[in-house]
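By convention here, the first residue in the shown sequence is residue 1.
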Amino acid sequence: MTRYQVFIKDYPGGKAEKAEFVLNFCKLYPWGDPDEFAEYLFALFDRNMDGVVDFDDFIRIESTLTRGSLEEKFKLIFDLHDIDKDGFVTYAEILRVFKSMDKLMRKLPPMQLSSEMRVNRFFAKMGRSSYDKLNRNEFLQGCCNDPEMVTVS
């Protein structure tokens with residue numbers, strides 16, 4: 001089956017509304033609590049903020065994740081963490097996404113560091129405080145200079 005056929009099978013109308021998208025994503029992680037992270041993902045896929053994800057939205061993200069450069073992937077990660085879509089990420093936004101990922105994976109072996117410790121370390125490596133806002137370029141530079149972020153992507 002092509003990616004389009006799989007998308008149409010999951011979303012016969014050719015578009016995924018938020019509730020449908022979240023429900024289908026939750027089926028992929030029955031052992032965890034994926035609801036909050038699924039909502040962040042939906043916002044990432046729904047670039048024009050029209051409340052639906054169509055195949056073009058879906059394939060653009062999927063293509064970047066599978067074929068994109070490291071910089072393109074970090075841009076997506078920035079967009080995922082920019083919850084309020086103001087062009088900046090804050091400590092609180094990054095922490096919310098990290099905590100949602102922890103809930104998503106809750107029945108798998110726990111991370112060695114808590115969400116707070118991982119976000120603190122990321123900001124500290126950049127010489128920034130938890131009160132700072134990071135624009136896209138600052139975030140990208142921080143990711144590129146952090147070997148742990150490079151291996152995650």
Hey, what do you get for [atom1] ([X]) to [atom2] ([Y]), rounding to the nearest 0.5 Å?
X    : Y    : atom1 : atom2 : value
F74  : C143 : CZ    : SG    : 5.0 Å
L140 : E71  : CG    : CD    : 6.0 Å
M126 : L134 : CE    : CG    : 4.5 Å
I83  : L44  : CD1   : CG    : 11.5 Å
S114 : K99  : OG    : NZ    : 8.5 Å

Summary of side-chain hydrogen bond (donor to acceptor under 3.5 Å, both in side chains) pairs that have at least one residue in residues 43-52, sequence neighbours excluded
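Those involving residues 43-52 are R47-D79, N48-D50.
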| request: State, yes or no, whether a side-chain contact exists between F123 and I94 at a heavy-atom distance under 4.5 Å. | output: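 Side-chain contact under 4.5 Å: yes.
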Looking at side-chain heavy atoms only, is the closest gap between L76 and K73 below 4.5 Å?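 A side-chain contact is absent here, since even the closest heavy-atom pair is not under 4.5 Å.
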**Message:** For Y29, give me all partners under side chain to side chain contact (heavy atoms under 4.5 Å, CB included), at least two apart in sequence or on another chain.
**Reply:**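 Checked Y29 against side chain to side chain contact (heavy atoms under 4.5 Å, CB included); matches are F25, W31, P34, L104, M105.
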Checklist entry - Charged N to carboxylate O under 4.0 angstrom, K133 versus D86? => result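 Yes.
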Non-hydrogen atoms of [X] and [Y] that approach each other most closely:
X    : Y   : answer
G87  : D82 : N-OD2, 2.9 Å
C26  : D35 : SG-OD1, 2.9 Å
M101 : F37 : CG-CE1, 3.4 Å

(Q) Just by distance, no angles: are the side chains of D54 and Y11 close enough, under 3.5 Å, to form a donor-acceptor pair? (A)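 No - no donor-acceptor pair under 3.5 Å links their side chains.
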Under the rule for side chain to side chain donor-acceptor pair (under 3.5 Å), what residues qualify as partners of [X], not counting sequence neighbours?
X    : result
E17  : none
S129 : none
Q141 : none

Under the side chain to side chain contact (heavy atoms under 4.5 Å, CB included) criterion, do R96 and H81 qualify, and how do the steps go? CA-CA 8 Å; R96 283 175 59 190; H81 290 84; over 6 Å; no
Side-chain polar contacts of residues 63-70 - donor-acceptor pairs under 3.5 angstrom, sequence neighbours left out - could you list them?
| unit_1 | atom_1 | unit_2 | atom_2 | d |
| --- | --- | --- | --- | --- |
| T64 | OG1 | R60 | O | 3.0 |
| T66 | OG1 | E62 | O | 3.0 |
| T66 | OG1 | S63 | O | 3.4 |
| S69 | OG | E72 | N | 3.1 |
| S69 | OG | E72 | OE1 | 3.4 |

Test of understanding: clusters of I, L, V, M, F, W, Y form through side-chain heavy atoms closer than 4.5 Å, transitively. Do [X] and [Y] belong to the same one?
X   : Y   : value
V53 : V6  : no
V52 : I61 : no
F88 : V97 : no
V22 : M49 : no

Mutual orientation of the aromatic rings belonging to F58 and F7 [parallel < 30°, tilted 30-60°, perpendicular > 60°] = tilted
**OP:** With side chain to side chain contact (heavy atoms under 4.5 Å, CB included) as the test, would you mind laying out the steps for D102 and R118 before giving the verdict?
**Re:** CA-CA 12 Å; D102 288 346; R118 292 183 313 217; 3.1 Å; yes
Residues, nucleotides or ligands: over 12 heavy atoms within 6.0 Å of K9 NZ: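 Atom NZ in K9 is not crowded, with 12 or fewer foreign heavy atoms closer than 6.0 Å.
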Kindly say whether [Y] contributes a backbone atom to a donor-acceptor pair with the side chain of [X] at under 3.5 angstrom?
X    : Y    : value
D132 : R128 : no
E93  : D84  : yes
E39  : E36  : no

Open item on the list: Before we go on, tell me: are the rings of F122 and F139 under 6.0 Å apart, centre to centre?
Closed with: yes
Legend entry - is_close_aromatic(Y91, Y131), centroid dist under 6.0 Å: no
What verdict does the side chain to side chain contact (heavy atoms under 4.5 Å, CB included) test give for N24 and K27, after you've listed the backbone C-alpha separation in whole Å, the side-chain angles of each residue and the deciding distance to 0.1 Å? CA-CA 5 Å; N24 279 336; K27 290 177 186 176; 3.6 Å; yes
Evaluation steps, side chain to side chain contact (heavy atoms under 4.5 Å, CB included), between F21 and L41: CA-CA 9 Å; F21 182 93; L41 273 184; 4.0 Å; yes
